[in-house]
Trainee: 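First the structure, which I've put down as structure tokens, then a few questions once you've had a look.
Not measured: the values here are computed from a predicted model. Chain letters run A, B, ... following the sequence lines, proteins first and then strands; every chain starts at 1.
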There are 4 protein chains.
Amino acid sequence: MVPTTTNDASPRGAGRPRDPRIEQAALAATRELLVEVGYARLTVAAVAGRAGTTKAALYRRWPSLPHLVYEAAFPDELLSGWQLGADLRTDLAGIVAGTRDAFTTPVAAAALPGLLAEFSTHPALHNALLTRFAGVFATVDERLRTAADAGEVRSDARSEDLMRLMIGAVLLGVLLGPEQLDDAWTERITAVLLEGVRP
Amino acid sequence: MVPTTTNDASPRGAGRPRDPRIEQAALAATRELLVEVGYARLTVAAVAGRAGTTKAALYRRWPSLPHLVYEAAFPDELLSGWQLGADLRTDLAGIVAGTRDAFTTPVAAAALPGLLAEFSTHPALHNALLTRFAGVFATVDERLRTAADAGEVRSDARSEDLMRLMIGAVLLGVLLGPEQLDDAWTERITAVLLEGVRP
Amino acid sequence: MVPTTTNDASPRGAGRPRDPRIEQAALAATRELLVEVGYARLTVAAVAGRAGTTKAALYRRWPSLPHLVYEAAFPDELLSGWQLGADLRTDLAGIVAGTRDAFTTPVAAAALPGLLAEFSTHPALHNALLTRFAGVFATVDERLRTAADAGEVRSDARSEDLMRLMIGAVLLGVLLGPEQLDDAWTERITAVLLEGVRP
Amino acid sequence: MVPTTTNDASPRGAGRPRDPRIEQAALAATRELLVEVGYARLTVAAVAGRAGTTKAALYRRWPSLPHLVYEAAFPDELLSGWQLGADLRTDLAGIVAGTRDAFTTPVAAAALPGLLAEFSTHPALHNALLTRFAGVFATVDERLRTAADAGEVRSDARSEDLMRLMIGAVLLGVLLGPEQLDDAWTERITAVLLEGVRP
DNA sequence: CACTAATCGAGACGGTACGTCGCGTCTTGTG
DNA sequence: CACAAGACGCGACGTACCGTCTCGATTAGTG
């Protein structure tokens, strides 16, 4: 997600360009404050102060605090680059662990509950997250189809279901705690899901 | 959850008794407004106004707005009374469908995201929800142990994992939509979980 | 001018009564800050801080900063109680000196320019000031008519003109400085006006 | 008042010359907006927009908005060229009418209150106005001295006092309204002032 | 004909104040 | 006591305007 209004309407290069340091400083300040004080006590003014800028400069880049938090906690590169291989169990375990890692960083864990709550108010955020996951879904879907062709999984198994079960379990772990989402947990979850779709 | 200050401290009968209609009116108003405007735009003053009372009367009964919302959206009787029988698949499907039903009512769906976000601020609420689920967990745990004894599931299968997978999937459906959590979905999820723990 | 919304609609006595100290503290703080920093640098937040209260409490009493300034700088009792006697020159000199005194206090001098500028934005303020002066005009008008009957002034002399000349001269002295509006000035102005209406 | 930085410092001719249309367009836009929205709602950006230019171009010519307004509402030629003659009453009436005319144009009436309020913040403006009037004062002073020599007025009469009474009355008419400053008013004021200084 | 220097448009920048809103608490008068 | 009413302190919101700045692109005169 690129900060707002890099849209086509601008005549390209007109006006003083935005100070690129502000964007980075704002994202960093947001991450720091999320961990320090939590989402509920996070303030636009505090972010601006920590980033060494002002509220107006932030509102020029993000329409609201949740948008800034979203970009700070879930940057574009977060869920990219699954390296899938030949072994289905290894691949699945990697996906489970990767999802867990993405959601259990201190920043993401602090941001998630508040962010989920804002989805009804800011549909754009909602769509952004869905879009981001769409790629992952497609990747997993393809892997599963390959496995079905190889006779490793039932042909009617849905990657959508698997992903939702897995992501949901991670989400619940973050939201409700205090379940330890360690490697043993990853293995157990992988096992259930894998056996669940075996022919 | 019983309205708060009706507990021990009261000298029992001193002063004017509380108007019992206020509590019901407040819960009803909260439910209506949750559906109409959503959690984010829900206001104590609005609830009081709709209920025909005042803010002070509400704060006499609930320590804060989230507590009121919690009780309005997740009353005590919500997750009680699973009738488990002999068939494991039927029992599991019932649990999945019951959880889905509890979380997908318009009121619960509107309240959930906001409520989850408040958990970090209001640990009491967090505990209340965990406690409520503890009973369900125990029930499922026992049913699973019975099934293990009967050789229907692996002996190392954890009910905790199953529950978190299942609840997480429901939660994700509510939070992210727009997946249809219909009966076909219930059957598919039940199947994956059931096969996932087969010996 | 009484702080706002003491209007009839209220059922008289419902709700927590306003803290009377806040009103006095706000007026005092406004007077102090007017002298210390001037009208242009006067801030609602600063007044609230100095008065030991908050912006919201001030906005509950006055619709905007100019209204507060007006009441602080030109309280009801400011232009009341001219003691008119038998000697026309003495009476006129008293009126000139009284007007000068009312407009040259540090508070009034600091408030006047800014307040005059707000009249176009806040017609209510404009009317308030006009209403206040109306009483003075009537008093002077009557005195002049008495003098006309006694043959001391021309019968076509207008008190309106006299007052506007006199008030205007005071205002100009305050707005433009640095003319000394001392007692010699008062005598000279009185003399011009008095001779100006002699038969 | 000449636009600012066209003074000494310029090396005369280096760089792109200023577009002369911008100055006129800015003054015209300021006059229009003053009448349309008033001083309080007058914005640098709005003036620039109406004038078809930008804020920076305006700040290159005037140090701040009040300076621009001052020049737009009170151009140099405003109070110049009194032709005084032999008859004192005619001369005085001309001065009164001329001052009234200068201050009661829609543009001047809209600009005056705000401009007066800025005098404390912008002493340069204050001085500019005082300087402008200084010429008028000198003219009137000389005319009065001539009249004194001719025995038409008391020798101790001060032109300063007369001018302040007269200007003040005009100012009050503009600031407070709604007194009609018509020709009858001019005659009455002239009469009071003239009789006020008769021997 | 390049070079220099100031202007142009556009729009972001730091700063500051605005007026509003919601929270959870309190202080009245009236049952 | 509870209740209706509404003020209270607190703190954040998102907006608006100021006067300055930094761009790339013009538009002269100068070397």
Trainee: In whole angstroms, how far is the P atom of dC8(F) from the CD atom of Glu23(C)?
Mentor: 10 Å
Trainee: For His67(C) and His122(C), take the angle between the two ring planes, folded into 0 to 90°, and tell me which bin it lands in: parallel under 30, tilted 30 to 60, perpendicular over 60.
Mentor: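 Answer is perpendicular, since the angle exceeds 60°.
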Trainee: Applying salt bridge (Lys or Arg N to Asp or Glu O under 4.0 Å), name anything that partners Arg21(B), two or more places apart in sequence or on another chain.
Mentor: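 Testing Arg21(B) for salt bridge (Lys or Arg N to Asp or Glu O under 4.0 Å), a comparison that skips the adjacent residues, returns Asp19(B).
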Trainee: Out of dA5(F), dT7(E), dC13(E), which nucleotide sits closest to the side chain of Ile22(A)?
Mentor: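 Nearest to the side chain of Ile22(A) among the choices is dC13(E).
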Trainee: Looking only at side-chain N and O atoms, does Arg61(D) come under 4.0 Å of OP1 or OP2 in dC8(E)?
Mentor: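 Indeed, a polar side-chain atom of Arg61(D) lies that close.
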Trainee: Check residues 28-44 of chain D and write down every donor-acceptor pair under 3.5 Å in which the side-chain atom is one partner and the other belongs to a residue at least two apart or another chain.
Mentor:
unit_1	atom_1	unit_2	atom_2	d
Thr30(D)	OG1	Ala26(D)	O	2.7
Arg31(D)	NH1	Ala72(D)	O	2.8
Glu32(D)	OE1	Arg50(D)	NH1	2.6
Glu36(D)	OE1	Arg50(D)	NH2	2.8
Glu36(D)	OE2	Arg50(D)	NH1	3.0
Tyr39(D)	OH	Glu118(D)	OE2	2.9

Trainee: With a 4.0 Å cutoff (strictly under), does any side-chain N or O of Arg16(C) reach OP1 or OP2 of dG9(F)?
Mentor: no
Trainee: Looking at side-chain heavy atoms only, is the closest gap between Glu71(D) and Arg61(D) below 4.5 Å?
Mentor: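 No - every pair of side-chain heavy atoms lies 4.5 Å or more apart.
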Trainee: Would you kindly give the CG-to-P distance between Leu58(D) and dA10(E), to the nearest whole Å?
Mentor: 13 Å
Trainee: Rounded to the nearest Å, what distance is computed from the CG atom of residue Asp19(A) to the P atom of nucleotide dG14(E)?
Mentor: 7 Å
Trainee: Quick one: do Thr53(B) and Val47(B) satisfy side-chain contact (heavy atoms from CB on, under 4.5 Å)? Show the steps, please.
Mentor: CA-CA 8 Å; Thr53(B) 180; Val47(B) 172; over 6 Å; no
Trainee: Round to a whole Å and report the spacing from CD of Glu118(B) to P of dC23(E).
Mentor: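 My rounded result for the distance is 10 Å.
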Trainee: In whole angstroms, how far is the P atom of dG24(F) from the CZ atom of Arg18(A)?
Mentor: 17 Å
Trainee: At what distance, to the nearest 0.5 angstrom, does CZ of Phe119(C) lie from CG of Leu129(C)?
Mentor: 4.5 Å
Trainee: From CZ of Arg21(C) over to C1' of dT28(E), roughly how many Å is that when rounded to an integer?
Mentor: 14 Å
Trainee: Treat primed atoms plus P, OP1 and OP2 as sugar-phosphate and everything else as base, then score nucleotides 15-22 of chain E 5' to 3': B for base contact with protein heavy atoms under 4.0 Å, S for sugar-phosphate contact only, - for none.
Mentor: B-SSBB-S
